[in-house]
Participant: 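Provided herewith is a single structure, encoded as structure tokens, for subsequent inquiry.
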Amino acid sequence: MPYIIDNLKNCFDFFLRNVIIVSRKNYFEKPQDLTNIFNNKEEENLYDNLKNNYGALLSQNTTRRNFLLNLYHLNIFDKFLTKKTKDNLSILDIGSKNWEYVKSEYAFFNSFAKNFTLNGIELDAYRLNSNLYNRYEIAKFYTKDLSNTNYIPGDFLKHQQKYDYIIWFLPFITKYPLIKWGLPLKYFKPQEMLLHAYNLLNPNGELLIVNQGEEEYLIQQELVEKMNVKNNYLLLGEIADHFSFFKNKRYCSKLIKTV
């Protein structure tokens, strides 16, 4: 069996960090100068368009990395999610990690929803970063000024709340990334998690999925085909590399829950 040693180590480490929760407190990032941050005129024009639509929440009082990261994600939501006029919208982000892009999600939904609840769920919420802050403490910093926004440490498969939108960046659909991120193999359940996410959608709800690399994008399509909901599946293709500093290309698709 592959990854035997790595899996044993991950099981032990994962158990420890969820029993003995360790972290520095009060995470903070010092704002940086954002002068000349864009790579080209196209990015400048795209930023102007996003600022016109979502400007009130595109705060520049942040780091260069965080500013670009939120622009990158906001551009994805702007292009690929449908804006629905409905009271009490509910949104879930699966696998939020540090949730450093949460402002982009909040800005998008705040632009058209009268009221909404935004939840982020993370299985490995107490994993320590190299700066000795765990993910939960860092997420508290990014969400501190966002009302009705909740970071939930826990197993997504045990989560039962219904949602109008579910956002899922880089799901583990092959074993290698899951192992390298320090998770036990018992949590490798791509088909079960995809089906659970689809079942948690309200009627007409949308599940937006972003995969890393064309290979994972193709595997994602195979997982959807096994669910017999292919007619509700939209292949949105490669994501334009605006504001991005990621090494690998990313691809987007969407599942819509029909009534």
Participant: Ile76 and Leu208: side-chain contact (heavy atoms from CB on, under 4.5 Å), yes or no, with the steps?
Facilitator: CA-CA 10 Å; Ile76 292 174; Leu208 187 73; 4.0 Å; yes
Participant: Taking side-chain contact (heavy atoms from CB on, under 4.5 Å) as the criterion, tell me which of Asn211, Val210, Leu194, Asp93 meets it with Trp168.
Facilitator: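 When side-chain contact (heavy atoms from CB on, under 4.5 Å) is applied between Trp168 and each of Asn211, Val210, Leu194, Asp93, only Leu194 qualifies.
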Participant: Do Phe169 and Tyr101 have their ring centres less than 6.0 Å from each other?
Facilitator: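 Yes: the rings meet the under 6.0 Å criterion.
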Participant: Could I get the full list of ring-ring contact (aromatic ring centres under 6.0 Å, His included) partners for Phe156, not counting sequence neighbours?
Facilitator: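 With neighbours one apart ignored, the set is His196.
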Participant: Could you list the residues that satisfy ring-ring contact (aromatic ring centres under 6.0 Å, His included) with Phe80, not counting sequence neighbours?
Facilitator: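 Phe80 satisfies ring-ring contact (aromatic ring centres under 6.0 Å, His included) with no residue once adjacent residues are dropped.
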Participant: Decide yes or no for Arg250 and Leu170: does some side-chain heavy atom of the first lie under 4.5 Å from some side-chain heavy atom of the second?
Facilitator: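 Counting from C-beta outward, Arg250 and Leu170 do come under 4.5 Å.
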Participant: Under 4.0 Å between a side-chain nitrogen and a carboxylate oxygen: does that hold for Asp13 and Lys9?
Facilitator: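 Judged by the 4.0 Å cut-off on N to carboxylate O distance, Asp13 and Lys9 do form a salt bridge.
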Participant: Check whether more than 12 heavy atoms from other residues, nucleotides or ligands sit under 6.0 Å from atom NZ of Lys83, and answer yes or no.
Facilitator: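 Yes.
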Participant: Verify, without hydrogens or angle tests, whether Asn150 (side chain) and Asn119 (backbone) share a donor-acceptor contact under 3.5 angstrom.
Facilitator: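 It does not hold such a pair.
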Participant: Looking only at atom types and distance, does a side-chain atom of Asn148 sit under 3.5 Å from a main-chain N or O of Thr117, one as donor and one as acceptor?
Facilitator: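 The answer is no, because no donor-acceptor pair under 3.5 Å joins these two groups.
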Participant: Which pairs pass salt bridge (Lys or Arg N to Asp or Glu O under 4.0 Å) with one or both residues in residues 31-41, sequence neighbours excluded?
Facilitator: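 For residues 31-41: Lys41-Glu44.
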Participant: Assess whether side-chain contact (heavy atoms from CB on, under 4.5 Å) is satisfied between Tyr72 and Ser104, documenting all intermediate values.
Facilitator: CA-CA 8 Å; Tyr72 174 80; Ser104 65; over 6 Å; no
Participant: By salt bridge (Lys or Arg N to Asp or Glu O under 4.0 Å), which residues pair with Glu222, not counting sequence neighbours?
Facilitator: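 Testing Glu222 for salt bridge (Lys or Arg N to Asp or Glu O under 4.0 Å), a comparison that skips the adjacent residues, returns none.
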Participant: Could you pull out all residues at least two apart from Tyr47 that satisfy ring-ring contact (aromatic ring centres under 6.0 Å, His included)?
Facilitator: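 If we apply the ring-ring contact (aromatic ring centres under 6.0 Å, His included) test to Tyr47, skipping adjacent residues, the hits are Phe38, Phe67.
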Participant: Check the pair Ser90 / Asp164 against side-chain hydrogen bond (donor to acceptor under 3.5 Å, both in side chains), numbers first and verdict last.
Facilitator: CA-CA 5 Å; Ser90 55; Asp164 299 294; 3.3 Å; yes
Participant: Take Tyr233 and Gln221 through the test side-chain hydrogen bond (donor to acceptor under 3.5 Å, both in side chains) and record every step on the way to the result.
Facilitator: CA-CA 9 Å; Tyr233 188 48; Gln221 294 174 41; 5.4 Å; no
Participant: Would you find a donor on one side and an acceptor on the other, under 3.5 Å apart, between the side chain of Asn232 and the backbone of Leu255?
Facilitator: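 Answer holds: no.
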Participant: Run the side chain to side chain contact (heavy atoms under 4.5 Å, CB included) test against Tyr176 and tell me which residues pass, sequence neighbours left out.
Facilitator: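 Tyr176: side chain to side chain contact (heavy atoms under 4.5 Å, CB included) contacts with Tyr3, Lys180.
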Participant: With the side chain counted from C-beta on, respond yes when Glu105 and Ile167 share a heavy-atom pair under 4.5 Å apart, and no when they do not.
Facilitator: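 They are in contact (side-chain heavy atoms under 4.5 Å apart), so the answer is yes.
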Participant: Taking OH in Tyr136 as the centre, count heavy atoms belonging to other residues, nucleotides or ligands within less than 6.0 Å. Is the count above 12?
Facilitator: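 No, OH of Tyr136 has 12 or fewer neighbouring heavy atoms, counting only those of other groups under 6.0 Å.
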Participant: Carefully, step by step, assess Tyr217 and Leu235 under the rule side-chain contact (heavy atoms from CB on, under 4.5 Å).
Facilitator: CA-CA 9 Å; Tyr217 186 51; Leu235 296 173; 3.4 Å; yes
Participant: Is Ile138 close to Glu100 at the side-chain level, that is, under 4.5 Å between some pair of heavy atoms?
Facilitator: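 Counting from C-beta outward, Glu100 and Ile138 never come under 4.5 Å.
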Participant: Would you call the rings of Tyr133 and Tyr27 parallel, tilted or perpendicular if under 30° counts as parallel and over 60° as perpendicular?
Facilitator: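 The rings of Tyr133 and Tyr27 stand perpendicular, inter-plane angle above 60°.
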Participant: How about Asn26: does its CG atom have over 12 heavy atoms from other parts shown lying under 6.0 Å from it?
Facilitator: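 It does not: Asn26 CG has 12 such atoms or fewer within range.
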Participant: Name all residues meeting the ring-ring contact (aromatic ring centres under 6.0 Å, His included) criterion together with Tyr165; count only those two or more places apart in sequence or in a different chain, and write none if there are none.
Facilitator: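 Partners of Tyr165 by the ring-ring contact (aromatic ring centres under 6.0 Å, His included) criterion, ordered by chain and then number, come out as Phe109.
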Participant: Less than 4.5 Å apart, any side-chain heavy atom of Leu200 and any of Gln161?
Facilitator: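 They are not in side-chain contact.
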Participant: Got a sec: does the CZ of Phe112 have more than 12 other heavy atoms crowding it under 6.0 Å?
Facilitator: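 Yes, because the 6.0 Å sphere around CZ of Phe112 holds more than 12 heavy atoms from other groups.
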Participant: Run Asn70 and Asn66 through side-chain hydrogen bond (donor to acceptor under 3.5 Å, both in side chains) and show every step you take.
Facilitator: CA-CA 6 Å; Asn70 276 284; Asn66 189 255; 3.1 Å; yes
Participant: Go through the structure and list residues passing salt bridge (Lys or Arg N to Asp or Glu O under 4.0 Å) with Asp78, not counting sequence neighbours.
Facilitator: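 Scan of Asp78 (salt bridge (Lys or Arg N to Asp or Glu O under 4.0 Å), adjacent residues dropped) gives none.
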Participant: Arg24 side chain to Asn131 main-chain N or O, any donor-acceptor pair under 3.5 Å?
Facilitator: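 Flag set: sc Arg24 to bb Asn131 pair under 3.5 Å.
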Participant: Check Gly120 against Trp99 and note the closest heavy-atom contact, atom names and distance.
Facilitator: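 Smallest interatomic distance, heavy atoms only, reads N-CH2, 3.2 Å.
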Participant: Among residues at least two apart in sequence or on other chains, which ones pass salt bridge (Lys or Arg N to Asp or Glu O under 4.0 Å) with Lys162?
Facilitator: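 For Lys162 there are no salt bridge (Lys or Arg N to Asp or Glu O under 4.0 Å) partners, ignoring immediate neighbours.
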Participant: So, the side chain of Asn7 versus the backbone of Ile179: is there a donor-acceptor pair under 3.5 Å, distance only?
Facilitator: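 No.
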Participant: Please tabulate, one pair per line, all N/O donor-acceptor pairs under 3.5 Å involving side-chain atoms of residues 237-247, not counting sequence neighbours.
Facilitator:
unit_1 : atom_1 : unit_2 : atom_2 : d
Asp241 : OD1    : Ser244 : OG     : 3.0
Ser244 : OG     : Phe246 : N      : 3.1

Participant: According to salt bridge (Lys or Arg N to Asp or Glu O under 4.0 Å), does anything in residues 129-150 pair up with another residue at least two apart or in another chain? List the pairs.
Facilitator: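 Salt bridge (Lys or Arg N to Asp or Glu O under 4.0 Å) check on residues 129-150 returns Lys25-Glu137, Glu122-Arg135, Glu137-Lys140.
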Participant: Is there a side-chain contact (heavy atoms from CB on, under 4.5 Å) between Gln191 and Met227? Walk through the geometry before answering.
Facilitator: CA-CA 9 Å; Gln191 190 74 62; Met227 293 169 54; 3.5 Å; yes
Participant: Taking only residues at least two apart or on different chains, which pairs with a member in residues 192-220 satisfy salt bridge (Lys or Arg N to Asp or Glu O under 4.0 Å)?
Facilitator: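 Listed by first then second residue: Lys84-Glu206, Glu206-Lys254.
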